[in-house]
Structures are given as C-alpha cells and as structure tokens.
Student: 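Next up is a structure, given as structure tokens.
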Amino acid sequence: MNCSAVLSFVQNSLNGDITYDVTARLQKLHQPPAQVIGKLPSANTVFNVYKEWQIFYESLLQITRQPSLEITIDPTGFTNISLTDFDTLCETLKETINTWLHSPEFASINRQILTYFNRNDEILLIIETDDQQLARLPLHLWDFFETFEAAELILSNLQFIHPLIRNYQRDKIRILAIFGETNDLDLEKHKEVLKELENESSIELVVIPKNETNLKNINEKLWDKKGWSVIFFAGHGKGGTIQINPKERISINLLEKGLREATKNGLQLLIFNSCDGIGLAKTALQYKVPRVIVFREKVPNEVAANFIRYFLNAFQRESLPLALREARERLQGLEDEFPLASWLPLLCKNAAIPILTWEMLQGNKPDNPTFLNKLKNFFKKYKKPLRFSLLLIITLLIIFLIYTYRKPIQLIETCKLTPENRLLSCGEKSLMKTPPTELNKRKGIEEFANKNFDQAIKSLQTSFDNNKDGETLIFLNNAQVLQKLKLGKINQNQVIPLAVVIPITKQKDGPDQVSKHTLKGIGYKQKEFNENNNQNQVLILVANDENNVGDNKTEGIAQYIAKELVKRKLYGVIGHYSSRATINTKDTYKKAQLVLMSFASTANEVTLKNNQKLTLTDTSQQTYFFRVVSTNKDQTQLLAQYLQNKGYQKVVIFYSEKIFSLSFKQEFEKNWSKHSVIKTYNLEEKIDIKSILENLKKRKEKIALILCPDAFTNNSATSLEISNTKDIIKENNGKFLIGTGNVMTLYEESIHTENTNIAKNIVISVPWSDYSEKINQNQRKQINELKKFWGNNLLNEEIVRQVIDYDSTKVLLDALSQIKPPLSSSKLQKYLVNPNNKFDGMSGEITFQGSDRLQNTAILITPNCDENSCQGWQKEWE
C-alpha cells in the first residue's frame with residue numbers, strides 16, 4: 001500500500017462541546033505530498049448516539065448469552081431488545097458519523113482527499129488521536145471507505161517516535177503465546193489455531209504452560225535475548241488490565257520494561273484477543289510496541305478465535321493491513337449469530353514505522369553483506385592512490401562494456417511490427433491520409449520507427465500544436481510512454497496496452513471522418529489518463545480494417561486484423577466500426593478471451609434471406625463483446641414513437657441486405673408493428689426514385705420514408721446503395737419526412753446544402769447527442785473541456801463520435817483500474833459483465849446487461865438550417 005491519509009485530531013472543549021482541529025497529510029508514491037487543515041464541529045451528538053449503541057450492543061450480547069472474552073457485562077435498562085431495533089440504531093450511528101464528517105468545516109479535507117487519490121488506490125487511513133472517546137468510534141462507517149474500497153483504517157497515537165530496534169536475524173519467526181486461563185473461558189479454539197502453525201518449518205511457537213502463566217514468567221519471556229516476532233494474548237481484558245490466570249489480573253503497566261526490551265529485540269506485532277482493546281493498544285504504543293491488533297468492543301470468544309485463524313492465514317500472503325481487512329471482512333459470515341463481528345478488529349500502529357509483511361518478521365540479515373559493502377571492504381585493502389587508479393579502471397571498463405555489448409532498445413511486445421503489418425501502427429507509420437505538408441509529423445514518425453523517442457516527441461508535439469490531429473496525439477502519447485520505459489521510469493508491467501480498429505478506406509464517400517474523430521476521442525482519454533496516473537500508462541495500437549469484411553468466399557481485412565491482434569499482448573480492443581465487421585470478428589476475440597468494446601456497431605439480431613440468424617446482442621455472462629453505444633433497438637423505438645406522435649400511420653422503407661441496415665429495418669418493423677409498411681426497397685438494386693416519390697405524392701395518407709443505408713462496407717464511391725441514398729434525399733426535396741439512423745450523418749454533403757428544402761424534413765435517430773437533456777453539470781463541464789481542447793467549432797456529429805469513443809476507452813481503463821494485478825483481459829471481462837459495476841461517462845452512467853448498455857441514450861436530431869443553408873445538427877424538439 002503506497003498511499004496514506006493521516007488525519008491528526010486535536011480536541012478542543014468549550015462550554016461542554018467537544019470539537020476538533022484536524023490536519024490531513026496525504027502521501028502517494030511518485031506524487032508530491034499534500035497537507036490541508038480543517039475542523040470538526042461538536043461531536044456531542046455522535047458520542048451520545050455511540051453510547052446508546054454501545055449499551056444496546058452489550059445488552060444484546062448478554063441477552064443472546066454469547067460467551068465473551070470479558071467476564072461481566074454491565075446491566076442496562078433495556079428489557080425488550082430486538083435485532084430490528086439494533087439494526088435501526090446501527091444505521092442511525094452510521095448516518096450520524098457521516099453527517100458529522102460532512103460538516104462544512106471539514107469540507108476542505110474531504111475535497112482534497114477526493115481530488116488527490118484515485119478510487120482504486122490502496123490507502124492507509126491513519127487516525128492520530130490521544131482521545132480515547134474518539135478512538136472508540138467505529139469510523140470505518142465513514143463513506144470514505146465506500147468511495148475508496150481498497151482503504152483500511154489504522155489508529156495511532158498523536159505523539160510518537162520511531163522505536164529503537166536492534167539489528168536482528170532469525171532463522172524462524174518466533175511467536176510467544178500467552179493464554180489467560182479462567183474457569184469461564186474456553187480458549188481451546190485459540191490454541192488449535194496457533195498449534196497449526198507449529199507444522200510450519202519457518203515458525204517457532206512458544207506457549208507458556210498453564211501452571212506457569214504468572215507475572216514473573218511472562219516478564220522473563222519478554223526479556224528473552226532471542227527476541228519475539230509476534231506476541232499473542234488471549235483472555236479477559238478490562239480497564240487496561242489482562243487476566244493471566246483465575247486468580248491474577250495484572251495491569252499492562254507492569255509489563256512496560258519487558259515490552260520495551262522485546263521491541264528492541266525485534267518485536268513487530270502484539271495481538272490482544274481480548275476486550276477493552278483500545279486502552280490496551282494505547283498503552284502498548286506508549287511502550288514503543290510498533291503495532292497492536294485489538295478489538296474495539298467486547299468480543300464473543302467464537303469471533304476472536306475465528307479472527308485469528310483468518311488473519312494468520314491471510315498474513316502469510318498479504319501485507320498486515322490487507323490481511324487484517326480480509327480477516328475482518330470474513331467475519332461477516334458469522335453475523336447471523338454474532339451481530340457486527342466485522343466491526344470489531346482494529347489495527348493500531350506507530351505512524352513512524354513501515355507496513356509489515358510476513359517476511360519482515362525474520363528481521364534483517366547483517367551476516368549477508370550487500371554488494372556495496374563487499375566492494376568497500378575490497379578497496380580498504382589498498383592505499384589511496386592505488387585505490388583511485390583501480391576505481392578509474394573499473395569505471396572505464398564498465399562504460400566500455402555497456403557501449404560495446406548493449407542490446408538495442410526493444411519496443412514493448414504490442415508494438416513489435418513486421419513489414420507485413422502495414423495496417424497496424426503504434427507510431428511507426430501513419431494510417432490516416434497525412435498531407436505532404438505535415439513535415440513535423442512525418443519526421444516524428446520516422447524518429448519513432450528508429451526508437452529515438454525523445455526526438456519523436458519534439459516533432460510530434462510541434463505537429464500536434466499546429467494541426468490538432470487524433471492520430472498524431474496517439475503517436476505522441478505512445479512515444480512518451482515508450483520513452484519512460486526506455487529510461488526506466490516505468491516497467492513493462494505498468495504499461496496498459498489497448499488497440500483501436502478504425503475504418504480508413506480509399507472510397508471518396510467512405511467513413512474516414514469516423515476514423516478521424518474516433519482517434520481524437522481515444523487519444524484525448526489516453527492523454528488524460530497518462531497525465532493523471534503515476535503508476536500505469538496506456539499504450540494504443542492503431543489498426544485499420546478498411547471497413548472490409550470480404551465476401552462469402554474469402555475473409556476480409558477485418559478478420560485478418562482480428563487474428564493479428566489476438567496474437568499480441570492486449571487487454572482490450574476498441575472497435576470495429578461496422579456491425580458486419582464486428583459480427584465476423586467477435587468470435588475470434590472471444591476464443592482468445594480478449595475484450596472487444598465497439599464504439600459504433602449497433603445491430604441487434606438479424607434474420608437473413610436464407611433465414612440464418614446473426615446477432616451482436618449477447619445476454620450471457622460469457623460475452624467478451626461490449627458496447628457503450630445505444631443499439632438499433634433503442635434508436636428505432638425512439639424513431640417509431642416520434643412518427644406515431646406526429647400522426648404518421650404508413651411508411652416506405654429503403655434498406656440494404658447488409659447487417660446494420662437490415663437490423664435497423666427489422667427493429668423498426670417490430671416497433672411499427674401496429675401500423676402499415678406500404679413497401680420496402682433494396683438500395684443495392686436499381687430503383688426508379690422519381691416514380692416512387694411521384695406515386696406516393698398521389699396518396700392522401702400521411703406517409704414517412706424510412707431510409708437506412710449501411711455503413712459503407714464493401715462499397716465503391718459509385719455503388720448503387722450510396723447513389724440511391726443521395727438521390728432519395730435530393731429528389732424528395734423535403735416533401736416527405738425522412739426518418740433515418742446515425743449512418744445518415746455521413747451524408748452531410750448531400751444534406752447540408754444551400755437548398756434548405758432538402759434538409760428541412762429529415763429526422764435522425766442517433767445513439768447520443770450533445771443536445772441531450774439528460775446531461776448533468778459535471779458531464780457538461782467535461783464536454784466543454786473536450787470542445788476547448790479540439791476547438792469550439794466542433795460539429796455535433798464530431799462531438800458525438802468523440803464522446804462515445806472517449807467513453808469506450810474510459811470504461812476499459814476504469815475497469816482495469818479496479819482490478820487487482822496482475823491484469824488480464826479475462827479479469828476485465830468478469831468486471832464488465834457484472835451489472836453492479838457502474839461507470840461515469842461523458843454520455844452518462846454506463847452499466848452492462850450482457851453485451852449491451854442498459855441505459856438508452858438515443859436522441860433525435862435534425863439538420864440545423866437557416867433561410868439560406870444547413871450547417872451541422874440540432875435537437876429535434878418533440
């Protein structure tokens with residue numbers, strides 16, 4: 001755990017009100033520390049509710065007759081106690097604590113914490129206080145721990161110094177066990193847990209015999225010169241005392257000198273499996289014991305025994321805070337019989353000492369000098385002049401060997417490309433159509449290919465500053481990541497490799513604008529992530545499938561790209577563009593267990609002419625295909641409802657037999673089933689547009705045209721589908737309302753003309769739009785920042801593309817940030833497919849139901865026209 005938030009509480013009392021001055025010190029690896037000062041108002045209400053809760057809790061233990069590690073429980077006035085009432089009081093206590101910690105006086109600290117840490121950071125929240133009343137509060141109920149799920153609470157004294165610990169080395173971890181034997185307490189389960197450790201070859205367990213458990217013998221053991229790694233006590237505790245046998249209860253103060261000596265000899269952890277743990281821990285820390293584990297309230301014997309079992313099992317593979325958290329959370333499985341068992345364990349430690357691991361219990365190894373010590377001893381044999389000459393010779397020899405035999409810098413595995421990989425690039429080649437005048441970009445790409453990343457960064461930065469281009473930004477981001485890798489600032493495990501597949505074609509009317517803005521949205525998110533993350537960096541491999549899926553006889557480029565990508569180290573792929581390309585490749589990704597996140601494929605289920613059914617929607621928990629974009633089902637539902645609201649009863653449908661178009665048609669027909677479809681026309685066939693429109697004009701019904709061309713797969717610039725679509729828009733000239741899908745935005749040149757009649761009667765259903773009324777203040781702020789970065793003159797279609805592509809990337813990175821290392825695509829899939837995991841995107845909240853986004857963000861837009869011409873798009877107000 002490399003993050004810490006230390007909150008120091010200093011109590012103030014005035015007129016009976018207890019308030020606190022609070023100083024927060026925040027620390028994160030590779031990030032400058034931060035400090036902020038705040039206050040907390042009167043805690044009287046919190047303490048009153050806590051006291052009521054504590055009485056209720058102890059009474060519940062008494063009534064349910066749970067054997068406790070304390071002998072007696074004080075009687076109370078409660079005579080009628082129910083678990084329902086207790087649950088209500090627990091919720092009240094939680095709400096009271098959170099209301100107090102969200103006071104305006106404390107807001108500066110809350111804000112600093114939320115902006116300084118990432119949600120997935122593992123954080124030690126250390127509460128420094130000498131106030132026992134505050135220390136007893138169950139502050140783990142603070143909603144801080146809901147925001148930062150990998151955080152753990154630790155209690156510390158306000159004043160501390162680093163304890164003196166002599167150098168020590170042990171062949172075995174030494175554990176001293178003390179059992180406070182009494183007639184009313186069965187400690188056999190505690191003994192069984194510790195005896196299980198005796199079989200471990202690396203552990204030496206010493207148990208003080210029952211008939212020797214007295215102050216003198218315990219003190220003698222504490223002074224053992226071999227020292228102890230861990231001291232464990234199980235038995236009754238009360239008021240800073242422990243009962244060591246049926247007749248003898250001693251104050252821990254009587255063990256002060258022994259505990260100090262044990263600490264000097266390497267004592268790292270003291271465990272009190274007893275009640276009144278806060279008082280015991282406070283005293284032990286004053287005696288320089290580095291770390292103490294206690295229970296904050298009276299604890300049932302069964303809970304204490306199970307805790308120590310869970311803890312010791314976890315501690316052998318996790319650091320101390322993580323092991324404690326695991327053991328504490330596992331106690332929740334006992335709460336049907338022992339209420340609030342998981343509330344009880346608490347780690348108290350000296351804030352000056354490091355995180356403890358199991359390996360550290362064996363101490364340092366002074367008998368094994370380091371290489372530097374050996375080198376020093378070697379040079380001490382020689383006089384100063386000769387020593388200097390030897391050092392100079394060795395230095396020159398090392399430099400010679402480095403420059404003679406150094407291996408060429410290797411790119412990360414994801415970017416190892418061969419000449420055959422002409423459609424893939426991390427920055428070695430441009431896949432977009434780079435203008436000949438872009439000399440800086442060309443120079444940057446050349447330097448990138450030669451692995452001169454520092455020069456590549458300079459040239460690509462200059463190119464990007466002059467011509468804000470998405471591909472240039474991704475190449476620049478990649479060069480910065482690889483330069484850090486080259487300089488050793490990060491290692492390969494800190495690189496998150498993703499790929500994006502875009503549709504760059506040779507067609508005049510192809511979807512190259514889609515590719516342009518896809519790279520902008522993804523590059524923007526990559527830059528944002530890399531600048532705000534000190535641990536991991538994103539590398540983007542760009543691939544071009546040319547929007548080509550082949551035919552019935554041969555595979556297309558999309559299939560080739562998919563097979564090429566699954567060979568590489570990747571955690572996820574963003575793509576493909578067309579639904580057909582995605583249907584033809586998703587099984588390849590699934591077989592390789594590689595997540596595919598599409599930014600544009602919106603088809604649902606499609607029935608072909610031969611009755612073959614194809615589908616992108618996958619409701620199973622095994623899906624590796626996901627999409628944040630709203631589907632054809634969502635979009636056509638909105639469009640059909642709009643037409644019904646406008647009084648349309650009949651439509652004519654123009655479509656093609658390709659996947660996207662056919663899906664749009666069939667989904668619309670499902671939503672239009674109560675109304676009439678006059679006729680359907682295939683856009684891939686010769687059709688007489690003029691005659692069709694003339695015949696429709698003769699009919700007196702209110703008729704709309706549904707125009708749903710495909711996403712340009714396998715079409716040349718003169719294909720019938722494209723030319724028919726353009727002719728319909730032109731010949732209609734605004735006469736009939738045209739309802740259509742998001743592909744229509746690619747026909748901007750045909751729609752945005754000086755003839756406003758052409759465009760004035762077109763309504764397009766799109767997956768999301770900047771005009772959505774559901775955009776909240778935070779999302780609007782992010783969208784405005786996106787516009788500012790790329791230029792405020794962005795058209796709505798360009799914003800839509802960039803936002804959806806940004807969100808597609810963000811979902812992958814947010815999910816990967818929540819996964820415990822080592823990262824993998826299979827772990828990513830399990831996280832994404834869980835409907836309880838939510839993501840905050842620019843386009844709104846995102847959760848997945850199988851492959852598809854649960855939230856429907858579709859909206860209707862129409863061309864934005866004035867009296868003379870149409871430019872861009874606007875909301876179609878319903």
Side-chain angles (χ1 to χ4, degrees), residues 425 430-435 438 441 463-464 467-477 498-505 507-528 540 542-547 573-578 581 597-602 627-630 660 711-712 741-749 751-752 764 766-772 779 782-812 841-843 857 859 861 864 871-873:
S425 177
S430 175
L431 302 182
M432 297 292 291
K433 298 179 177 71
T434 301
E438 262 302 305
K441 182 176 180 179
S463 174
F464 182 74
N467 180 24
K468 289 197 171 182
D469 166 63
E471 186 185 56
T472 305
L473 178 60
I474 288 177
F475 290 173
L476 172 61
N477 294 336
L498 301 175
V500 54
V501 186
I502 50 176
I504 308 171
T505 71
Q507 304 167 21
K508 178 182 176 183
D509 295 289
D512 288 7
Q513 287 298 313
V514 172
S515 302
K516 176 182 176 182
H517 294 291
T518 293
L519 296 182
K520 283 188 173 183
I522 293 173
Y524 180 81
K525 180 58 195 176
Q526 181 192 18
K527 175 181 171 67
E528 181 185 79
I540 304 289
V542 184
N544 173 25
D545 68 4
E546 294 189 358
N547 212 28
V573 176
I574 306 164
H576 295 243
Y577 165 63
S578 74
M597 179 72 67
S598 179
F599 55 85
S601 299
T602 59
R627 49 186 169 186
V628 303
V629 61
S630 288
F660 166 83
F712 297 119
N742 60 301
V743 170
M744 190 54 59
T745 56
L746 298 172
Y747 290 82
E748 285 191 26
E749 290 184 6
I751 297 172
H752 295 159
I764 306 177
V766 294
W768 178 85
S769 174
D770 187 26
Y771 300 116
S772 173
Q779 291 157 7
Q782 293 180 65
I783 293 167
N784 289 337
E785 289 173 353
L786 177 75
K787 291 180 181 178
K788 184 177 179 181
F789 183 82
W790 291 111
N792 285 312
N793 58 343
L794 288 178
L795 298 176
N796 179 260
E797 163 64 8
E798 296 169 341
I799 297 169
V800 172
R801 292 288 175 196
Q802 292 181 28
V803 165
I804 295 298
D805 297 319
Y806 173 97
D807 280 357
S808 299
T809 313
K810 186 178 190 297
V811 165
L812 294 179
M842 277 196 205
S843 62
T857 60
I859 188 173
I861 62 172
N864 184 13
Q871 297 293 329
W873 309 89

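This is a predicted model, so every value here is computed, not measured.
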Student: Say whether, by atom type as modelled, one donor and one acceptor occur between the side chain of Ser601 and the main chain of His576 under 3.5 angstrom.
Tutor: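 Looks like yes, one N/O pair under 3.5 Å.
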Student: To the nearest 0.5 Å, how far apart are CG in Leu431 and CD1 in Ile474?
Tutor: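 One gets 10.0 Å once the value is rounded to the nearest 0.5 Å.
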Student: So Ile574 and Leu812, do their side chains get closer than 4.5 Å, heavy atoms only?
Tutor: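 Yes - at least one pair of side-chain heavy atoms lies under 4.5 Å apart.
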Student: When you compare the side chain of Leu519 with that of Met432, does any pair of heavy atoms fall below 4.5 Å?
Tutor: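 Answer yes - side chains close enough.
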Student: Between Ile859 and Val766, is any pair of side-chain heavy atoms under 4.5 Å apart?
Tutor: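 In short, these two side chains touch, coming nearer than 4.5 Å.
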Student: Who are the ring-ring contact (aromatic ring centres under 6.0 Å, His included) partners of Tyr806, not counting sequence neighbours?
Tutor: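 Once residues adjacent in sequence are excluded, the partners of Tyr806 under the ring-ring contact (aromatic ring centres under 6.0 Å, His included) criterion are Tyr524.
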Student: Search all heavy atoms of Ser515 against all heavy atoms of Ile502 and return the closest pair with its distance.
Tutor: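 For Ser515 versus Ile502, the nearest heavy atoms are OG-CB, 3.7 Å.
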Student: Within the 4.5 Å heavy-atom criterion, are Asn742 and Pro767 side-chain neighbours or not?
Tutor: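 They are in side-chain contact.
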Student: Heavy atoms only: give me the nearest Phe599-Val514 pair and the separation to one decimal.
Tutor: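 Here Phe599 and Val514 meet closest at CE1-CG1, 4.2 Å.
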Student: Got a second to check how far Asp770's CG is from Lys787's NZ, nearest 0.5 Å?
Tutor: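 Rounded to the nearest 0.5 Å, the CG-NZ separation comes out at 4.0 Å.
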Student: Heavy atoms only: give me the nearest Val803-Met842 pair and the separation to one decimal.
Tutor: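 The pair with the smallest heavy-atom distance is CG1-CB, 3.6 Å.
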Student: Looking only at heavy atoms, what is the nearest atom pair of Asp545 and Ala581, with distance?
Tutor: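 Nearest heavy atoms, Asp545 then Ala581: OD2-CB, 4.1 Å.
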Student: Does Asn477 reach the main-chain N or O of Gly523 with its side chain, forming a donor-acceptor pair under 3.5 Å?
Tutor: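 Yes.
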Student: So how far is it from Ile540 CD1 to Ser425 OG, rounded to the nearest 0.5 Å?
Tutor: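 Result: 12.5 Å between the selected atoms.
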Student: Rounded to the nearest 0.5 Å, how far apart are OG of Ser772 and CD1 of Ile861?
Tutor: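 So the OG of Ser772 and the CD1 of Ile861 are separated by 12.0 Å.
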Student: Once side-chain hydrogen bond (donor to acceptor under 3.5 Å, both in side chains) is applied, do any residues pair with Lys525, and if so which ones, sequence neighbours excluded?
Tutor: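 Glu528.
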Student: Taking side-chain hydrogen bond (donor to acceptor under 3.5 Å, both in side chains) as the test, write out the residues that go with Ser808, two or more places apart.
Tutor: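 Result, side-chain hydrogen bond (donor to acceptor under 3.5 Å, both in side chains) vs Ser808: none returned.
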Student: Minimum heavy-atom separation for Ser430 to Glu471, with atom names?
Tutor: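 Shortest heavy-atom contact: OG-OE1, 2.7 Å.
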Student: So Ile799 and Trp768, do their side chains get closer than 4.5 Å, heavy atoms only?
Tutor: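 Yes, close enough: below the 4.5 Å cut-off.
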Student: Taking Lys468's backbone N and O only, do any of them form a donor-acceptor pair with Thr472's side chain (distance below 3.5 Å, no angle check)?
Tutor: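 Answer holds: no.
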Student: What closest approach, in Å, do Lys520 and Trp790 show between heavy atoms, and which atom pair accounts for it?
Tutor: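 Scanning both residues, the minimum pair turns out to be O-CZ2, 3.3 Å.
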Student: Side chains of Ser463 and Glu438: do they bring a donor and an acceptor to under 3.5 Å?
Tutor: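 Yes, side-chain donor-acceptor contact under 3.5 Å.
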